[in-house]
Amino acid sequence: MAGYIDALRSTLAELLGERDRVVSLEIPAGLSPEVDRLVREAVGRLVEYQNRRYAQLYLERIGRFARRLDIGEDLLIEIARLMAARMTYEDPIRLAQLALMEAAIGPDGVPRNRVDRKCRFRIDEVVSALPIVVAKPLLKVLGALGWQHMPIKIRFNATDWIGIRRLRVEAWLRRWRMLSIRFAQERIWVERWLHMIDRCLAKRPEAVWAVLQSATMIGGYGDAYRYGLANWTLIIDSLVKPVFAGTLELDDLAAAIAEARGAAVPDRRQTALKRTIAAIRGRASGSMLPASALP
């Protein structure tokens, strides 16, 4: 019970914006003009997406790489760009925000552009955008019923007063986002991606661009997002991590990642990707590993 009370207090503080009012946003010193411009644009987008506290997290992450001597301007630009893209992941709340921006609603309440689309999510994806204290019991019930992966369509309609009001309510729910299961999962994923970049710079710097740009495998929502995340994880766990750990020898890690990405198709069983990774590992070790041996 105490845990639920703490969660409710945290939710109330988030809704009132109490934690966000005192956050100071400081751009890391010493950035080139181009990197500085890109970072400032990203900060503005992240404040709009979530709040100042979330933008501060972005700046802290950028600061960790901006101070490194082994990172050039081009690499830092790409880190800043891709990290901003991943930190503005597309949940139903974000799609409501984007629909409102695209509609360009004037002071008279009339949209300048017609926006009316339906997007297909998984029901667990929608529930995971709710605060943990609410989402966990719901996911448990859905799991018991076997409905967790059930598809659900959500309409984002900015053509009339009712649709616009609904979009505004959905966009307002961003205040709950940082308390959600999905937010925690995304934070872990971004940190793991940044950790892989850091390890690559130390172990195999020639492959850093391939590891960095692997972030583009993950995006969107629904099945496309799930397939992309599963394929990224398999490539990292089966090729990249073993190379960094010294348990797998690959002369050209970047080429291996590119080859694996070429086989990363939307497939729940990941058959083609597992077969390709097994072939890459087999060539490295001198013997073919069966796809079933992969994680």
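Just so it is clear, the structure is predicted and the values come from calculations on it, not from any experiment.
For the residue pair Pro242 and Arg281, the shortest heavy atom distance occurs at CG-NH1, 3.9 Å. Minimum heavy-atom separation, Met217 to Ala264: CE-CB, 4.0 Å. Across Ala284 and Leu250, no two heavy atoms sit closer than the pair CB-CD2, 3.5 Å. Scanning both residues, Val134 and Pro137, for their nearest heavy atoms gives O-CD, 3.2 Å.
A distance-only check finds no donor-acceptor pair linking the side chain of Arg120 to the backbone of Pro151 [under 3.5 Å]. Arg204 contributes no side-chain N or O that, together with a main-chain N or O of Ala202, makes up a donor-acceptor pair within less than 3.5 Å. In this structure a side-chain-to-backbone donor-acceptor pair under 3.5 Å is present from Glu125 to Gly222. Between the side chain of Arg67 and the backbone N or O of Gly63 there is at least one donor-acceptor pair closer than 3.5 Å. Remark: side-chain polar atoms of Asn113 are paired, donor with acceptor, to backbone N or O of Glu102 under 3.5 angstrom. The closest donor-acceptor contact from the side chain of Arg199 to the backbone of Phe244 lies under 3.5 Å.
In this pair, Trp176 and Trp172 present their aromatic rings perpendicular. The plane angle is above 60°, beyond the 30 to 60° band.
Shown here are the ring pair (Phe, Tyr, Trp, His ring centres under 6.0 Å) partners of Tyr221, two or more places apart in sequence or in another chain: Phe121.
From Arg61, atom CZ reaches atom OH of Tyr58 across 10.5 Å, with rounding to the nearest 0.5 Å. Rounded to the nearest 0.5 Å, atoms CD1 (Ile181) and CD1 (Ile132) are 6.0 Å apart.
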Distance-only check: which donor-acceptor pairs under 3.5 Å involve side-chain atoms of residues 227-235, not counting sequence neighbours?
| residue | atom | partner | partner atom | Å |
| --- | --- | --- | --- | --- |
| Asn231 | OD1 | Gln270 | NE2 | 2.9 |
| Asn231 | ND2 | Tyr227 | O | 3.3 |
| Asn231 | ND2 | Val265 | O | 3.4 |
| Trp232 | NE1 | Ser214 | OG | 2.9 |
| Thr233 | OG1 | Leu229 | O | 2.8 |

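Side-chain atoms of Ser128 and Arg122 form no donor-acceptor pair, as typed in the model, at a separation below 3.5 Å.
Under a cutoff of 6.0 Å and an axis angle of 45°, Arg86 and Trp193 do not form a cation-pi pair.
The six-membered or imidazole ring of Phe183 lies near that of Tyr54, with a centre-to-centre distance under 6.0 Å.
Residue Arg187 qualifies as open at atom CZ: its count of foreign heavy atoms under 6.0 Å is 12 or below. Counted within 6.0 Å of CG on Asp70, heavy atoms from surrounding residues, nucleotides or ligands total more than 12; the atom is thus considered enclosed.
No option in Arg175, Arg177, Arg45, Arg94 other than Arg177 meets the side-chain hydrogen bond (donor to acceptor under 3.5 Å, both in side chains) test with Gln50. The only option from Arg168, Arg166, Arg174 that meets the side-chain hydrogen bond (donor to acceptor under 3.5 Å, both in side chains) definition with Glu170 turns out to be Arg166.
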